[in-house]
A.B. asks: 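Please read through the structure below; I'll follow up with questions.
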There are 4 protein chains.
Amino acid sequence: MPKNTEATPKNQQGAPESALTPRARRTRKALLEAAQKVFERDGFHNARITDIADTAGVAHGTFYTYFGSKETIFLALVDGFLSELLFPSSPNSEKIKIDSFERLKKSNRDYLEIYRDYGRIIAIWEELAKYNKEAAEKLKQGEDAFILRARRKIEQLQRDGLADPDIDARYAARALTGMVHKFADTWFSKKEDFEFEQAVEQLSLLWANALRMKRT
Amino acid sequence: MPKNTEATPKNQQGAPESALTPRARRTRKALLEAAQKVFERDGFHNARITDIADTAGVAHGTFYTYFGSKETIFLALVDGFLSELLFPSSPNSEKIKIDSFERLKKSNRDYLEIYRDYGRIIAIWEELAKYNKEAAEKLKQGEDAFILRARRKIEQLQRDGLADPDIDARYAARALTGMVHKFADTWFSKKEDFEFEQAVEQLSLLWANALRMKRT
Amino acid sequence: MPKNTEATPKNQQGAPESALTPRARRTRKALLEAAQKVFERDGFHNARITDIADTAGVAHGTFYTYFGSKETIFLALVDGFLSELLFPSSPNSEKIKIDSFERLKKSNRDYLEIYRDYGRIIAIWEELAKYNKEAAEKLKQGEDAFILRARRKIEQLQRDGLADPDIDARYAARALTGMVHKFADTWFSKKEDFEFEQAVEQLSLLWANALRMKRT
Amino acid sequence: MPKNTEATPKNQQGAPESALTPRARRTRKALLEAAQKVFERDGFHNARITDIADTAGVAHGTFYTYFGSKETIFLALVDGFLSELLFPSSPNSEKIKIDSFERLKKSNRDYLEIYRDYGRIIAIWEELAKYNKEAAEKLKQGEDAFILRARRKIEQLQRDGLADPDIDARYAARALTGMVHKFADTWFSKKEDFEFEQAVEQLSLLWANALRMKRT
DNA sequence: AATGAATGAGCCTTCATTCAT
DNA sequence: AATGAATGAAGGCTCATTCAT
């Protein structure tokens, strides 16, 4: 059970950045960067607030000026990533005409790239979500949005006669996004040796086959 | 938190069961059962040795007669499950002639059943593996054995002309076992609402499709 | 606001003494005695749990085996005094025939003796009662019982035609017990120089006069 | 807790008001008013300087421009009340011819009125006096002056043959002023239900009786 | 004068682990 | 073997106070 969730410091979520003085903004940023470093190195449970403050080069009391607890700073940290995680923006992706499979590959490539960069934080997020309701909810929101997009896409393909109608889109969306997620997790967290483009190719192939997608 | 390193208690692994008196065997068993209950209820980090001892109905000190730490008792606990996890034995499964797809369904059904029963412990195992080398290795061993079986099967199907030869069996084995694993994890840990037989059917369908398996 | 009232250690009030092993009973007693010493020396707010543990000759962690907080140990401490405070038992006081004024003197003498011995603790109790509901209630109970006895006595005297009927017994009981209480508090806490027997005599005289008590 | 000893801020007592600019005078006044509000609400120990500054609408640091500590501002606060506490000025009270008992009632009424208005602050003053020498001295000065006036009056009545010569005026002055003080404290702090004019009447009656005062 | 971010002393609390009985 | 009291490392949190701007 997290011990300090109910702490009510001045600035539990961190004030909106705009309300802070430049100096405060700098300190807050230093703490967030330090937190990322420490969390990635030590995981959530072994990360100590003192270490975060030390790494940020401030006194440990300063931590509490900005964040009420480890949970709070972690959630603030992922808030900073959230839009990037949910809507990876490859430049001018919309302009190019690409067929379904290429789109799928692009989507999987984006996902793996994100996971390569943020996988450690996501893994910690999942760890924290086991103990912290707020983290769990925020994580679920992100995942659900992601899975829903996949489900809608599958349903679209089925309507267009481009995917196996025997597939239940809800199960498939959960299963196939999970496949990519789990693959990435194993790959990056446990340093299994795969090659990037081949992973993109193979995961996309499995995904397309699984739905019996027809090339367009 | 003590980092489960230098601790050198009397009996780090617990004595081999055979060497124990009946009374000691009973105490050890009570501790293991209590540990399972407490771990499932509280997760690894929030489980306290005190609670395990209390639940087992023994004094705190007694814990250390059998196990050196929370890590030790957890590993002893999963040791007891290991063969069951790796080789789910459905009665007389080998006797019946079944085609590939039915075999696949049976395999997935077994897996989901195991996960339904042991999923909470497996999730904790994965949590612990992030912090504990021994847990990580033991987990990896189990997973690797499991994935290797899948890979061999895929390679067999390819050799028999019953699966898409473009698939890389190593990637596919990792991805598809991961798909089922992650699906089960989400399902049972996060109480997502799926129906058991349909999950078996859909996961098997996705798996078979992904490999372009031909029915036999 | 007291910070740790909601702490729920194994033994918030201290178990009934009978349930403790002799060693535990000794430690608990040592902590209570140390607490009394430290509270009397430093007052409630400046008393530190570490000092109590040190004074008792135990590690500070041991404190928490027996008491959950400073508040808890203080309340346990006054529990030990309570019957003594409420029912001061002078030996064979009942046997001797004494008239009303002698009884009054005896009662005031008892009170001043108690205050001489426990005044510091009572003063701390009153301090704590400002911040802690449980302390306030326990204190009020004791005071109310004491004042009620005085009131009943005054009413009895009035019924017997031995005290001024214009006096309102409720106001008078509160005022006169308060007079003795406040006198004792000033005397012992602030080291004002009064002589014991003369204080007994004068307070009793003022009390008797105030009620226009007739000697019997 | 820092013991308010070695602190040497710019302005330990606050500058004499006369030396301040109008703006500074306003800020100082705002802090004193905020302090009163916060002390009355939270008591001394739970009052935080941060709250006082916030309530006054100034930055935390500004507090230290005017006062060196919580103790300092509290003492400055009661300084502002002191003359009022000691010399309650009922309008044209001196002009009217009143007999001794009426004077006594008037005096007690004044006292209870003061206590009704300032009782919370006085109670806090007494709390602080347990820990702070300066507060204790200032409080003692006020009380001694008050008690001395009562003693002189009693001695006067005795010399005039209007009060019991067996009473020791020093003891009686302490006891009877204490009676009223303690009554008021209980009444207003603990919300005991008494009626104002009856309290005046009864306390005066008890006081007069106690001294066997003769009506003039 | 005022600001408010930064500081760190001071104290609290938990719980894994030891050890005398 | 079992007990359970004692230990103390580890880390958390608050808030009075300072100081650069």
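Sequence lines set the chain letters: A, B, ... in the order given, protein chains first and strands last, and positions in each chain run from 1.
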A.B. asks: If you count every heavy atom of other residues, nucleotides or ligands that lies below 6.0 Å from B/Lys130 atom NZ, does the total exceed 12?
C.D. replies: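 Counting neighbours around NZ of B/Lys130, more than 12 heavy atoms of other residues, nucleotides or ligands fall under 6.0 Å, so yes.
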A.B. asks: Side chain of D/His60, base of E/dA6: donor and acceptor closer than 3.5 Å?
C.D. replies: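 Answer is no: no donor-acceptor pair is held.
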A.B. asks: Find which nucleotide of DNA chain E each of C/Gly61 and A/Gly61 is nearest to by heavy atoms, and output the residue with the more 5' nucleotide.
C.D. replies: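 Result of the comparison: A/Gly61.
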A.B. asks: Apply salt bridge (charged side-chain N to carboxylate O under 4.0 Å, His left out) to residues A/Glu137 and A/Lys133 and explain how you reach the verdict.
C.D. replies: CA-CA 6 Å; A/Glu137 277 166 12; A/Lys133 205 163 133 55; 3.1 Å; yes
A.B. asks: May I have the distance from D/Glu71 (atom CD) to F/dC15 (atom C1'), rounded to whole angstrom?
C.D. replies: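 After rounding, the gap between these two atoms is 14 Å.
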A.B. asks: With sequence neighbours left out, write down each residue that passes side chain to side chain donor-acceptor pair (under 3.5 Å) with C/Glu127, or none if nothing qualifies.
C.D. replies: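 With neighbours one apart ignored, the set is C/His45, D/Tyr131.
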A.B. asks: In terms of the nearest nucleotide of DNA chain F, which residue is placed more toward the 5' end: B/Ala24 or D/Lys70?
C.D. replies: B/Ala24
A.B. asks: Can you tell me if B/Thr65 and B/Thr62 form a side-chain donor-acceptor pair at under 3.5 Å?
C.D. replies: no
A.B. asks: Between B/Phe63 (CZ) and E/dT18 (C1'), how many Å, whole number?
C.D. replies: 14 Å
A.B. asks: Considering just the side-chain nitrogens and oxygens of B/Tyr64, establish if one lies under 4.0 Å of OP1 or OP2 belonging to E/dT17.
C.D. replies: yes
A.B. asks: Rounded to whole angstrom units, what separation is found between the NE2 atom of B/His45 and the P atom of F/dG11?
C.D. replies: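 Taking atom P of F/dG11 as the reference, NE2 of B/His45 is at 12 Å.
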A.B. asks: B/Thr62 side chain: which of F/dT3, F/dT17, E/dA2 is closest?
C.D. replies: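 Of the options given, the side chain of B/Thr62 lies nearest F/dT3.
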A.B. asks: Rounding to an integer number of Å, can you tell me how far D/Ile49 CD1 sits from E/dT7 P?
C.D. replies: 20 Å
A.B. asks: Between atom CD1 in C/Ile73 and atom P in E/dC12, what is the gap in whole Å?
C.D. replies: 12 Å
A.B. asks: Would you say D/Arg48 reaches F/dC15's phosphate, i.e. side-chain N/O to OP1/OP2 under 4.0 Å?
C.D. replies: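 Yes, because at least one side-chain N or O of D/Arg48 sits under 4.0 Å from OP1 or OP2 of F/dC15.
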A.B. asks: Mapping B/Gly57 and A/Arg23 onto DNA chain F by nearest heavy atom, which one lands closer to the 5' end?
C.D. replies: B/Gly57
A.B. asks: Tell me, please, which residues at least two apart from A/Asp42 pass salt bridge (Lys or Arg N to Asp or Glu O under 4.0 Å).
C.D. replies: none
A.B. asks: How does DNA chain E look in dot-bracket form if you count Watson-Crick and G-U pairs under 3.5 Å, write [ ] for pairs that cross, and put | where a base pairs with another strand?
C.D. replies: .||||||||||||||||||||
A.B. asks: Mind calculating the distance between CZ (C/Arg26) and P (E/dA20) to the nearest angstrom?
C.D. replies: 15 Å
A.B. asks: List for me each residue that meets salt bridge (Lys or Arg N to Asp or Glu O under 4.0 Å) alongside A/Glu40, sequence neighbours excluded, and say none if there are none.
C.D. replies: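 Applying salt bridge (Lys or Arg N to Asp or Glu O under 4.0 Å) to A/Glu40 gives none.
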A.B. asks: Side chain of B/Ser69 only, heavy atoms from C-beta on: which candidate in E/dT17, F/dG4, F/dT7 is closest?
C.D. replies: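 Nearest to the side chain of B/Ser69 among the choices is E/dT17.
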A.B. asks: The criterion is salt bridge (Lys or Arg N to Asp or Glu O under 4.0 Å); which residues satisfy it with B/Arg48, sequence neighbours excluded?
C.D. replies: B/Asp51
A.B. asks: Are any of D/Thr65's side-chain N or O atoms less than 4.0 Å away from OP1 or OP2 of E/dA1?
C.D. replies: no
A.B. asks: Write down the distance between CG (C/Asn46) and C1' (E/dG10), rounded to a whole number of angstrom.
C.D. replies: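 Result: 12 Å.
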A.B. asks: Is there a side-chain polar atom (N or O) of B/Thr21 under 4.0 Å from OP1 or OP2 of F/dA1?
C.D. replies: yes
A.B. asks: Indicate whether OP1 or OP2 belonging to E/dA2 is found under 4.0 Å from a side-chain N or O atom of D/Thr27.
C.D. replies: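 Checking E/dA2 against D/Thr27, a side-chain N or O does come within under 4.0 Å of OP1 or OP2.
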A.B. asks: Would you tell me if any nitrogen or oxygen in the side chain of C/Tyr66 comes within less than 4.0 Å of OP1 or OP2 on F/dA6?
C.D. replies: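 C/Tyr66 to F/dA6 OP1/OP2: side-chain N or O found under 4.0 Å.
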A.B. asks: I need the CZ-C1' distance between B/Phe67 and F/dA1, as an integer number of Å.
C.D. replies: 15 Å
A.B. asks: Please name all residues satisfying salt bridge (Lys or Arg N to Asp or Glu O under 4.0 Å) with B/Lys37, sequence neighbours left out, ordered by chain then number.
C.D. replies: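 B/Lys37 satisfies salt bridge (Lys or Arg N to Asp or Glu O under 4.0 Å) with no other residue.
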